[in-house]
Amino acid sequence: MRILIIEDNEELCHSLAFQLKAEGFETDVCCDGEDGLHFIKQKAHDLILLDRMLPRMDGLTVLHTVRRLSIPTPIILITALGELNDRIAGLDCGADDYIVKPFAFPELMARIRCILRRPRQWENSQGLRFGDVAYDPALRKMTCQHTECSLSRREGELLELFLRNGAQILPRNTILTRVWGPDAAVEDGNLDNYIHFLRRRLRSLGSRLSLRTIRSVGYCLEDPGLPSQLL
């Protein structure tokens, strides 16, 4: 899971990033609204922590713009403004939750867990599933029929992305942004290597799923029993 923190208090920003990493999350940080909106538009994150009072573009404007663009990424609004009307304004603009400074980190984690428990496509109580493959992100275990194997962190993040978008073509840039991060310096060859690793994992479990290369575009996880997405 990758979380974007948009907070102009650099000390708080980096403290949250440190604590979230200790909880197993990947994080990206920025300190003003315009940069935050740029990051959000890349759709590289599973959750956003958004400060309300930001330089260059305030948090409510960022939030309103994001929802107007139909970007559904969950957003927790973080602010020192805790009056009833302030909370209503944030929620009405499209925030999924609202937390008032100062707050305890365990409370923030509880709110994050609450949002992440909401059911998403291809997910059930046992984890992610598509075709004959299931994946438990917490344990990094991929299962097919009665066999299973453990994945590396990067393999797991890549498989999770494909399972959440089963039968859809994912452009290379989208995969790199989602798995390695929007500002990561990564060569295309790294992606090809991990696709090779993941294909080998699927074969070792005897899965019928395949990772199809879409020339000059990206990759698609396919199940022979389902129609593939057409270009």
Side-chain angles (χ1 to χ4, degrees), residues 1-6 13 17 20-21 24-50 56-57 62-63 65-75 94 116 120-123 128 130-131 133 135 137 140 142 151-202 207 209-223 226-231:
M1 290 285 186
R2 183 175 292 274
I3 294 178
L4 173 63
I5 305 167
I6 310 173
C13 196
L20 288 168
K21 286 179 181 178
F25 294 99
E26 295 293 317
T27 62
D28 295 296
V29 301
C30 63
C31 297
D32 70 71
E34 287 189 6
D35 285 347
L37 183 59
H38 170 74
F39 273 96
I40 295 171
K41 286 179 178 179
Q42 295 183 53
K43 302 179 183 179
H45 302 90
D46 301 288
L47 180 71
I48 298 160
L49 304 180
L50 175 64
R56 296 211 292 169
M57 183 182 292
V62 173
L63 181 57
T65 304
V66 167
R67 295 314 186 211
R68 182 171 52 81
L69 294 172
S70 299
I71 298 174
T73 309
I75 295 176
L116 296 182
R120 286 164 286 183
Q121 190 178 29
W122 313 110
E123 190 167 8
L128 294 159
F130 179 67
V133 165
Y135 177 62
R140 290 193 203 141
M142 178 168 65
L151 304 184
S152 70
R153 179 175 64 85
R154 195 72 75 191
E155 287 173 331
E157 291 170 349
L158 188 59
L159 177 64
E160 183 174 346
L161 177 62
F162 280 116
L163 291 178
R164 291 188 188 281
N165 297 275
Q168 295 186 46
I169 295 170
L170 295 178
R172 294 180 66 91
N173 187 60
T174 296
I175 299 171
L176 290 168
T177 299
R178 290 283 293 164
V179 177
W180 276 267
D183 281 343
V186 56
E187 298 179 0
D188 276 357
N190 285 354
L191 172 57
D192 298 326
N193 288 337
Y194 276 96
I195 291 292
H196 170 73
F197 298 154
L198 207 51
R199 283 171 171 160
R200 189 169 59 187
R201 297 284 196 182
L202 291 168
S207 172
L209 299 185
S210 64
L211 274 170
R212 183 163 67 99
T213 300
I214 311 300
R215 184 179 294 275
S216 302
V217 179
Y219 296 95
C220 177
L221 182 65
E222 293 187 335
D223 182 337
L226 296 174
S228 61
Q229 185 189 54
L230 299 177
L231 284 170

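A distance of 11.5 Å separates CD1 in I5 from CD1 in I48, rounded to the nearest 0.5 Å. The line from OH of Y194 to CD1 of I175 is 14.5 Å long, rounded to the nearest 0.5 Å. For the atom pair CG of L158 and CG of L191, the computed distance is 6.5 Å after rounding to the nearest 0.5 Å. Within the model, atoms CG of L198 and CD of E155 stand 6.5 Å from one another, a figure rounded to the nearest 0.5 Å. Separation of atoms CG (L4) and CD1 (I75) is listed at 9.0 Å; rounding is to 0.5 Å. Rounding to the nearest 0.5 Å gives a distance of 6.5 Å between OH of Y135 and CG of L159.
Contact record, G131 with D223: CA-OD2, 3.1 Å, taken as the closest heavy-atom pair. Closest approach of S207 and V133 over heavy atoms only: OG-CG2, 3.3 Å. Annotation for T27 and R2: closest pair O-NH1, 4.4 Å, computed over non-hydrogen atoms. Here the closest heavy-atom approach between residue V62 and residue G33 is recorded as CG2-O, 3.6 Å. The two atoms that bring P72 and S70 nearest to each other are CD-O, 3.4 Å, heavy atoms only. In terms of heavy atoms, C30 sits closest to G36 at SG-CA, 3.4 Å.
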Evaluation steps, side-chain contact (heavy atoms from CB on, under 4.5 Å), between F130 and F162: CA-CA 9 Å; F130 179 67; F162 280 116; over 6 Å; no
T177 vs K43, side-chain contact (heavy atoms from CB on, under 4.5 Å): CA-CA, chis, key distance, verdict: CA-CA 8 Å; T177 299; K43 302 179 183 179; over 6 Å; no
Pair I6-I40, side-chain contact (heavy atoms from CB on, under 4.5 Å): steps then yes or no: CA-CA 10 Å; I6 310 173; I40 295 171; 3.8 Å; yes
Verdict with supporting geometry, E157 and L161, side-chain contact (heavy atoms from CB on, under 4.5 Å): CA-CA 6 Å; E157 291 170 349; L161 177 62; over 6 Å; no
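Under the 4.5 Å side-chain criterion, counting only non-hydrogen atoms from C-beta, Y219 is not in contact with I214. The shortest side-chain heavy-atom distance between L209 and L221 falls under the 4.5 Å cut-off.
For F39, there are no ring-ring contact (aromatic ring centres under 6.0 Å, His included) partners two or more places apart in sequence or in a different chain.
In this structure a side-chain-to-backbone donor-acceptor pair under 3.5 Å is present from R67 to G94. At least one donor-acceptor pair under 3.5 Å links the side chain of R154 to the backbone N or O of V179. Distance alone, capped at 3.5 Å, is enough to place a donor-acceptor pair between the R178 side chain and the A44 backbone.
Q42 and H38 share a donor-acceptor pair across their side chains, judged by distance under 3.5 Å alone.
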